[in-house]
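Remember, predicted model here, so these are calculated numbers, not experimental data.
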Amino acid sequence: VVGGSALTTGGTRQPFAAARFDPTGALDATFGIHGIALLDPAVSGLDFAHTLDVAVAPGGAIVLAGSAWDASNDPDLAVARLTSTGAPDA
């Protein structure tokens, strides 16, 4: 599992991103959408997010930690959790 960020069409949002690979190095199609999961920071009133660290919890949940900021560039800490299938974990 790797983490980062992805720029959306038009560049208006930069969500948390995670990708999972299978043992051959190919994207794992059972994770997220075609191997990639995106978490929109707008859910928390933010515009941009960047993953700085990734951890896989017991049971396969994925925790992303990093930074996020709004349009006025006010930074904040951001943490998100995905299920083992790449869905947001409520």
Original post:
Should side-chain heavy atoms under 4.5 Å link Ile, Leu, Val, Met, Phe, Trp and Tyr, which residues sit in the same cluster as Ile33?
Top reply: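 None; Ile33 is a cluster of one.
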
**OP:** Let me see the working for Leu64 and Val79 under side-chain contact (heavy atoms from CB on, under 4.5 Å), right down to the final yes or no.
**Re:** CA-CA 6 Å; Leu64 306 172; Val79 178; over 6 Å; no

Suppose we screen for side-chain contact (heavy atoms from CB on, under 4.5 Å). Which residues come up paired with [X], at least two apart in sequence or across chains?
{"X": "Asp76", "answer": "none"}
{"X": "Asn73", "answer": "Trp69"}
{"X": "Ala19", "answer": "Val2, Phe21, Leu27, Ile36"}

Original post:
Which residue pairs satisfy the side-chain hydrogen bond (donor to acceptor under 3.5 Å, both in side chains) criterion with at least one member in residues 80-90, sequence neighbours excluded?
Top reply: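 Qualifying pairs: Arg81-Asp89, Thr83-Thr85.
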
Original post:
Looking at Gly66 and Leu77, what are the two nearest heavy atoms and their distance?
Top reply: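 Where Gly66 meets Leu77 most closely, the heavy atoms are O-CD1, 3.5 Å.
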
Subject >> Where Gly86 and Ala37 come nearest, the two heavy atoms and their spacing >> reply: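 Smallest heavy-atom distance, with atoms named: O-CB, 3.4 Å.
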
For a quick test of your reading: what N or O donor-acceptor pairs under 3.5 Å do the side chains of residues 48-59 make, sequence neighbours left out?
| from | atom 1 | to | atom 2 | distance (Å) |
| --- | --- | --- | --- | --- |
| His50 | ND1 | Ser5 | OG | 3.1 |
| Thr51 | OG1 | Gly4 | O | 2.9 |

Original post:
Mind checking what makes salt bridge (Lys or Arg N to Asp or Glu O under 4.0 Å) contact with Asp22, not counting sequence neighbours?
Top reply: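 So Asp22 forms no salt bridge (Lys or Arg N to Asp or Glu O under 4.0 Å) with any residue.
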
**OP:** Report the C-alpha distance between Phe31 and Ile62 in whole Å, list the side-chain angles of each, state the deciding distance to 0.1 Å, and finish with yes or no for side-chain contact (heavy atoms from CB on, under 4.5 Å).
**Re:** CA-CA 11 Å; Phe31 180 78; Ile62 297 160; 3.4 Å; yes

